[in-house]
Amino acid sequence: MTGMWTWEKISYPNKQGLKLAGLLYSGPARGTLVVVCHGFTGSKEGGGRAVAMAEEMGKKGYASLLFDFSGCGESEGVFADITLTGHIEDLAGAIAYGLESGFQQFITLGRSFGGTTVLCHAALDKRVAGICTWAAPAEPSKLFNDFREQENAKKDSLIPLTDHSGTVMVGEKFFTDLEQHDPAHSAAMIAPRPLLAVHGQSDAVVPVANARKIYSSAGFPKELKIIPQADHQFTRHYHEAWQITLDWLAKHFPP
């Protein structure tokens, strides 16, 4: 079966007319499509891990769509202009692309800020059959304000955000937009669709309490999987995160 599966470079426009870049891994049948959302400063390939994960999912019969949010990776746009609302709209465009391509069922999987995105999107889009988050912030406004440089220094109306990975610049709109979203409330609106929250016990960027808040807010069916000693990137535990996700997919969405 896997020999018939191929990678295809794709693109689709977002709501603002920007061209978003994607990678579609699929076989002859157009059944379930897993749409994968990268983290805050990430890209669709995930340093190669997202590509490898998609190929593992393909072995189990699940197609994958990896894409770059606007302003990220190979997609059009400016990173400093990103907002959670914009991410949600970009994800909606990916679902629309999947529908136009003939897929029948959609699962969204988001890592870190991409996990926040899939929660908020799923509350609005009933076309999504299941939602999986990895290390997702449940209180993004609080989290990103903690990363905001204390002196609130601005350069050309942009605000620096600094964490363990370095500094990036965003506009003030990024923060005001975050205040319009409540991922925990969104999680409560997902049931009866299945929700899986995966988190590392040793996540120093997004504390594991975020996953517990998402889980406690959600209705059934829901699962919470905390991986001992795993960090925010699942650096030495990403195969465990893959297997947890594949087991959840097989349980709720057999190919």
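Below, all heavy atoms of this structure are taken into account, side chains as well, without hydrogens, waters or symmetry copies. Index from 1, following the sequence.
Side chain to side chain, Trp5 and Glu55 fail the donor-acceptor criterion of an N or O pair below 3.5 Å. For the 3.5 Å distance criterion, the side chains of Gln243 and Glu56 fail to qualify, holding no donor opposite an acceptor. Of the N and O atoms on the side chains of Thr85 and Asp177, at least one donor lies less than 3.5 Å from an acceptor on the other residue. No side-chain donor-acceptor contact under 3.5 Å links His121 and Thr108. With hydrogens and angles left out, the side-chain atoms of Thr245 and Trp134 include a donor and acceptor closer than 3.5 Å. If you check the side chains of Glu45 and Ser43, you find a donor sitting under 3.5 Å from an acceptor.
Electrostatic pairing of Lys142 and Glu179 does not count as a salt bridge here, judged by no charged N lying under 4.0 Å from a carboxylate O. A salt bridge is defined here as a Lys NZ or Arg NE, NH1 or NH2 lying under 4.0 Å from an Asp or Glu carboxylate O, and Lys225 with Glu240 fails to meet this definition.
In this structure, Lys60 fails the cation-pi test against Tyr62, since its NZ or CZ atom is not both closer than 6.0 Å to the six-membered ring centre and inside 45 degrees of the ring normal. By the 6.0 Å and 45° rule, Lys44 does not stack over the aromatic ring of Phe67.
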Check: Is there a side chain to side chain contact (heavy atoms under 4.5 Å, CB included) between Phe106 and Asp125 once you walk through the steps?
Finding: CA-CA 11 Å; Phe106 301 94; Asp125 193 340; over 6 Å; no
Checklist line | side chain to side chain contact (heavy atoms under 4.5 Å, CB included) assessment of Val35 paired with Ile107 | finding: CA-CA 6 Å; Val35 182; Ile107 313 299; over 6 Å; no
Next item on the list: Start with the C-alpha gap between Leu65 and Tyr25, add the side-chain angles, then the distance that decides, and say whether side chain to side chain contact (heavy atoms under 4.5 Å, CB included) holds.
Entry: CA-CA 6 Å; Leu65 172 59; Tyr25 188 64; over 6 Å; no
Checklist line | Trace of the side chain to side chain contact (heavy atoms under 4.5 Å, CB included) decision for Glu172 with Ile159 | finding: CA-CA 7 Å; Glu172 182 66 43; Ile159 299 165; 2.9 Å; yes
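By the 4.5 Å heavy-atom criterion applied to side chains, Arg212 and Leu224 are counted as neighbours.
Residue Ser70 is tested with Asp90, Asp81, Thr83 for a side chain to side chain donor-acceptor pair (under 3.5 Å); the sole match is Asp90.
Pro160 and Thr167 get closest at one heavy-atom pair: CB-CG2, 3.8 Å. The two residues His252 and Pro194 have their closest heavy-atom pair at ND1-CG, 3.6 Å.
If you look at Phe174 and Phe40, their ring centroids are closer than 6.0 Å.
When the side chains of ILVMFWY residues are joined at heavy-atom separations under 4.5 Å, either directly or via intervening members, Tyr238 and Ile226 end up in two distinct hydrophobic clusters.
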